[in-house]
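Reckoned from all heavy atoms, side chains included, excluding hydrogens, waters and symmetry mates. Here is the naming used below: chain letters follow the sequence lines, and residue numbers restart at 1 for every chain. Keep in mind it's a predicted model, so treat the numbers as computed, not measured.
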Amino acid sequence: LAKTTQPISMDSYEGQEVNITCSHNNIATNDYITWYQQFPSQGPRFIIQGYKTKVTNEVASLFIPADRKSSTLSLPRVSLSDTAVYYCLVALFSVGYNKLIFGAGTRLAVHP
Amino acid sequence: KAGVTQTPRYLIKTRGQQVTLSCSPISGHRSVSWYQQTPGQGLQFLFEYFSETQRNKGNFPGRFSGRQFSNSRSEMNVSTLELGDSALYLCASSWGTGGVSGNTIYFGEGSWLTVV
């Protein structure tokens with residue numbers, strides 16, 4: 001069964017690039033990796049989703065190596081408002097069912 | 001376009017009671033999934049419904065149940081509440097089976113349940 005592992009916490013400073021890695025073993029070919037951001041007392045907010053190689057949108061990039069055993073969320077030039085918990089989500093897909101597995105979350109603190 | 005709506009946002013129940021939480025998905029989304037979030041256990045998958053059928057279920061006791069209506073709205077029920085059921089319950093929706101083939105899952109703000 002797949003399991004996801006993320007660092008518990010990270011610290012950064014305004015303007016720096018932050019990379020958060022999620023390790024996920026045993027994900028199948030059709031499985032996607034999704035990253036969410038969560039602020040206190042709010043539901044997780046979608047950041048980015050990918051299947052392989054690299055995906056980029058207006059707020060982040062997602063790097064997935066060829067072996068797909070990990071993925072890295074890259075946040076360029078973070079600001080104080082990026083202080084939040086970041087979760088990776090792996091969807092295990094098999095014919096007839098879908099099981100969603102979250103990482104434990106990485107608490108990112110951005111300092112002035 | 002309205003997001004995922006959950007009601008109620010906050011509620012307090014007594015041990016042994018039951019509770020029903022409601023979720024309205026994003027318009028056009030047919031899949032609804034539920035999650036429990038606690039400080040100690042993180043985000044845990046409860047179950048997913050698609051077209052009124054439960055597609056998958058997480059590792060929770062039978063006290064946790066759900067259903068989906070023909071309009072894709074969903075309810076989650078917890079019977080015989082225990083203190084350990086105190087948590088944030090999150091509902092999420094997606095167009096198709098969540099997480100697969102790029103079907104992005106969007107979350108609501110959650111329902112805070114406190115069991116006393």
Side-chain angles (χ1 to χ4, degrees), chain A residues 1-9 22 24 27-53 55 57 59-60 62 64 68 71 84-107, chain B residues 3-7 9-10 21 23-26 29-51 53-60 87-112 114:
Chain A
L1 190 66
K3 177 183 174 183
T4 58
T5 304
Q6 306 175 231
I8 294 174
S9 62
C22 177
H24 28 75
I27 66 169
T29 306
N30 293 330
D31 296 340
Y32 275 69
I33 299 113
T34 312
W35 283 82
Y36 291 87
Q37 175 192 57
Q38 188 177 29
F39 297 110
S41 302
Q42 295 185 21
R45 184 173 72 98
F46 171 81
I47 301 174
I48 197 166
Q49 183 179 60
Y51 176 72
K52 61 181 179 181
T53 61
V55 178
N57 61 22
V59 298
L62 177 59
I64 304 169
R68 289 168 39 86
S71 62
V85 180
Y86 293 82
Y87 292 93
C88 68
L89 168 63
V90 176
L92 298 184
F93 176 73
S94 182
V95 176
Y97 89 95
N98 172 48
K99 189 173 180 66
L100 302 170
I101 299 177
F102 279 91
T106 298
R107 192 172 298 275
Chain B
V4 179
T5 305
Q6 292 188 245
T7 56
R9 282 281 281 142
Y10 304 92
L21 308 177
C23 173
S24 293
I26 292 172
H29 284 191
R30 297 179 297 169
S31 172
V32 173
S33 50
W34 289 89
Y35 306 82
Q36 182 194 66
Q37 186 173 32
T38 60
Q41 298 296 322
L43 271 159
Q44 292 188 289
F45 173 69
L46 280 156
F47 29 65
E48 180 189 17
Y49 286 87
F50 184 87
S51 294
T53 301
Q54 187 180 90
R55 283 224 169 159
N56 196 29
K57 193 175 188 299
N59 298 322
F60 278 82
L88 176 64
Y89 289 90
L90 291 159
C91 171
S93 75
S94 59
W95 185 84
T97 302
V100 176
S101 299
N103 286 314
T104 303
I105 300 165
Y106 296 94
F107 286 86
E109 293 300 284
S111 293
W112 284 96
T114 301

**Fill in**
Residues at least two apart in sequence or cross-chain that pass side-chain hydrogen bond (donor to acceptor under 3.5 Å, both in side chains) with A:Y36, listed by chain then number, are none
**Request:** Kindly write out the residues that satisfy side-chain hydrogen bond (donor to acceptor under 3.5 Å, both in side chains) with A:Q6, not counting sequence neighbours, or none if the list is empty.
**Result:** A:T106
**Item:** Engaged part of B:Q37 at the chain A interface, taking heavy atoms whose separation is under 4.5 Å
**Value:** side chain
**Message:** If I measure from the heavy atoms of chain A, does B:L43 come under 4.5 Å with its side chain, its backbone, both, or neither?
**Reply:** both
**Atom group of A:Y51 that falls short of 4.5 Å from chain B, counting heavy atoms** = neither
**Message:** Within 45 degrees of the ring normal and closer than 6.0 Å to the centroid, is that where the cationic atom of B:R55 sits relative to B:F50?
**Reply:** yes
**Asked** Just checking, is any N or O donor in the side chain of B:S33 or B:E48 under 3.5 Å from an acceptor N or O on the other one?
**Response** no
